[in-house]
Amino acid sequence: MVSVAEAVSIIHSHHFKPHAEEVEITKCIDRVLDEEILADRDFPPFDRVAMDGIAIQFASFESGCAEFKVEGIAAAGQPQSALAEQTSCIEVMTGSSLPLNTDTVVRYEDVAIENGHAVIKSSKLVKGQNIHAQASDARQSDTLLTPGTVLSPIEVALIATIGKPRVKVKSLPSFAIISTGDELVDIHETPHKHQIRRSNSYTLQAALQALNCKSTLHHLPDNKEKLSQELHKILDAHDVIILSGGVSKGKFDYVPEVLEQLGVEKHFHKVKQKPGKPFWFGSTQDKTVFALPGNPVSTTVCFYKYIRQWIWQSLGVNADVDVATLGVDFNFPAPLTYFLEVQVKNEGGRLIAYPKQGGGSGDFANLKEVNAFMELPEEVTSFKKGETYPIYLLR
C-alpha cells in the first residue's frame, strides 16, 4: 500500500504525451494552446479616439484659443481625416482614427457646440488626452500568447483579433469508462430490489466533459473470461481506461488480475486513504489505466484528486490546488489520509470549510450537500478550527 504522496508521484511519472491539433476558434475554450500567437499588426493599428468629443491641436489651446470652428465629423470605421486649420477642430467618435494634424481629444462634456463652433469649458487639458496611441498595447509580431496557455474567452478575443479562425491546441486522449458488476443496470432500466442503476459512469463522463475530454461508456459483468475479452478490445481502441468497481478483495473482483494478464503493468494497488483505498493504477507503453473503487464517493474522490490533476499536468498545466480553513474542530483517528466532505463558504474573503459527513463511501446522495473534499494528512488525528488544508472543489 502506497501513501497518497507516493501515488501522486507514480501517476505523474506516467503522463500521456499530447500532440498538436487544430480546432475551430468556437471550440477552443478551456483547451491548452500549442502554438505562439503573434500580433499581425500594431495594437491598436492607429491612434484611436478613446472618447466622444472634438480633436484639436493642443498648441492652439495652449496659446489661448478656446473656441474652435468645427470642420467636420470623424466616425468609427471611416478613413482617417485631416484638420485643415490649426484653430479649427473635428468632432470625433469613440473608436475613430485620430485626424491628422490633431493631438488631443476634448470630451463632449467639456465642450459647448453652437452654430458650428466648439467652445472648450475646461481650463485643464493635457496634451494627448483621450487618445489610445498606435502600438501602445502591442507592436506587430509581438508575442500575445504562448504555448501552454489555457484558453478562456479573453484569449479567444486575442486570437479573433489577429484573424485566426482555427487554432492549434494540445490533443486530449480518448477515454473509455467501464463499470463492472452484475448488480448494476443502466439508467433507463428499472432495477430489481437487489440491483442499482449505474451512476459512476455518468459521473465520470460528466467530469471529463468539463475538461473537454470525450469518452465512451461500457459495462462488463463479473465474469473473468468475458472481462478479459472485452477489456482487450477496449484497451486497443482507447488511450485511457477508467474502471469503476472490481478492484477490492471480493471473490468476484477480477479487474487487477485480468489487467495484468492483458499486459498492463501494475504500478500500485491500494492507497493509504479513505475513501478510495483499493485504487489500482497501471499502464502499458501507450495506455493508461485507472481502476477505481466502485463506491460512488470513492470514485469521485479519486477522479478529482488524481485523474483531473493528471490530465492537466500531462497538458503542461500546473493546476493549483485551493486551500481552505476548517470552520470547526474535527477528529479522524485512522492512520490514513482522509478526504473529508465539506461545504466551503467564502466568509469575509476567506474560504471556510465545514464538514458534512455522510453515511460512508456509498452515500453519494450526501454529495449534493458538499462542494469540495478537504485532504487531511495521515500523520495527524486531531484537526483544529482555523487550520488550513488543501481542498478539491466539485463545483
Side-chain angles (χ1 to χ4, degrees), residues 8 11-37 144-179 187 198-218 234-244 281 283 286-292 296 299-322 367 371-373 391-395:
V8 168
I11 289 170
H12 289 302
S13 67
H14 294 86
H15 286 153
F16 76 86
K17 295 176 174 57
H19 59 269
E21 63 180 16
E22 275 197 342
V23 298
E24 299 286 340
I25 189 174
T26 55
K27 298 179 180 178
C28 73
I29 289 295
D30 289 333
R31 298 295 299 270
V32 179
L33 185 65
D34 201 34
E35 65 174 309
E36 196 171 35
I37 301 298
L144 302 178
L145 299 172
T146 55
T149 301
V150 180
L151 299 176
S152 75
I154 305 305
E155 285 75 34
V156 169
L158 287 172
I159 295 167
T161 297
I162 67 166
K164 278 181 69 69
R166 296 178 64 83
V167 61
K168 288 181 181 179
V169 296
K170 293 186 178 182
S171 65
L172 295 166
S174 59
F175 287 84
I177 299 170
I178 306 171
S179 57
I187 57 174
R198 300 198 288 269
S199 61
N200 286 352
S201 297
Y202 294 95
T203 301
L204 292 168
Q205 187 172 59
L208 287 170
Q209 283 175 344
L211 300 174
N212 285 309
C213 297
K214 296 179 180 179
S215 59
T216 58
L217 299 183
H218 310 264
I234 296 168
L235 274 168
D236 281 347
H238 298 83
D239 300 313
V240 184
I241 311 297
I242 305 177
L243 291 111
S244 173
F281 175 72
S283 68
D286 58 352
K287 311 288 182 179
T288 306
V289 179
F290 298 90
L292 312 181
T299 296
T300 307
V301 164
C302 288
F303 180 86
Y304 283 93
K305 168 63 182 178
Y306 300 105
I307 300 177
R308 184 171 64 172
Q309 298 295 105
W310 176 82
I311 293 170
W312 280 124
Q313 291 199 25
S314 293
L315 293 168
V317 177
N318 185 20
D320 292 332
V321 176
D322 293 301
L367 292 182
N371 57 7
F373 294 110
I391 56 169
Y392 300 89
L393 290 166
L394 306 179
R395 303 181 178 82

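Values in this document were obtained by computation on a predicted structure and should not be read as measured data. FYI, the numbering just counts along the sequence from 1.
- More than 12 heavy-atom neighbours from other residues, nucleotides or ligands sit within 6.0 angstrom of NZ on Lys170.
- No donor-acceptor pair under 3.5 Å is formed between the side chain of Glu35 and the backbone N or O of Val167.
- For the side chain to side chain contact (heavy atoms under 4.5 Å, CB included) criterion with Arg308, the lone passing option out of Trp310, Trp312, Tyr306 is Trp312.
- A side chain to side chain donor-acceptor pair (under 3.5 Å) with Ser171 is found for one member of Arg31, His19, Glu21 and no other, namely His19.
- Taken to the nearest 0.5 Å, the CD1 atom of Ile311 stands 5.0 Å off from the CG atom of Leu211.
- Counting heavy atoms from C-beta on, the side chains of Leu217 and Tyr202 come closer than 4.5 Å.
- Here the CD1 atom belonging to Ile37 is positioned 11.0 Å from the OG1 atom belonging to Thr161, to the nearest 0.5 angstrom.
- For the atom pair Glu22 CD and Asp34 CG, the distance stands at 11.0 Å (nearest 0.5 Å).
- Listed here is the closest heavy atom pair of Cys28 and Ile25: SG-O, 3.3 Å.
- Note that CG of Leu33 is 12.0 Å distant from CG of Leu315, once rounded to the nearest 0.5 Å.
- Interatomic distance, Asp239 CG to Lys17 NZ, rounded to the nearest 0.5 Å: 12.0 Å.
- Here the side chains of Ile29 and Pro153 are in contact, with some heavy-atom distance below 4.5 Å.
- Using a 4.5 Å heavy-atom cutoff, the side chains of Ser179 and Asn200 are not in contact.
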Steps toward side-chain contact (heavy atoms from CB on, under 4.5 Å) verdict (Val240, Ile307) = CA-CA 10 Å; Val240 184; Ile307 300 177; over 6 Å; no
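- The two atoms that bring Val317 and Gly148 nearest to each other are CG2-O, 4.0 Å, heavy atoms only.
- Contact between Gln309 and Ala319 at its shortest, heavy atoms only, is NE2-O, 3.3 Å.
- In terms of heavy atoms, Leu145 sits closest to Leu151 at CD1-CD2, 4.5 Å.
- Residues Lys305 and Val8 are in side-chain contact: their nearest non-hydrogen atoms beyond the backbone lie under 4.5 Å apart.
- The aromatic rings of Phe281 and Phe290 sit tilted relative to each other, their planes meeting at an angle between 30° and 60°.
- Closest non-hydrogen pair, His238 versus Lys287, comes out as O-NZ, 2.8 Å.
- Side-chain atoms of Lys214 never come within 3.5 Å of backbone atoms of Ser174 as a donor-acceptor pair (strictly under, hydrogens ignored).
- The line from CG of Asp322 to CG of Leu393 is 5.0 Å long, rounded to the nearest 0.5 Å.
- Looking only at side-chain heavy atoms (C-beta outward), Thr299 and Thr203 stay at 4.5 Å or farther from each other.
- Residues Ser283 and His14 approach most closely at OG-CD2, 3.6 Å, considering heavy atoms.
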ask   = Can Phe303 and Leu208 be said to form a side-chain contact (heavy atoms from CB on, under 4.5 Å), step by step?
value = CA-CA 9 Å; Phe303 180 86; Leu208 287 170; 3.8 Å; yes
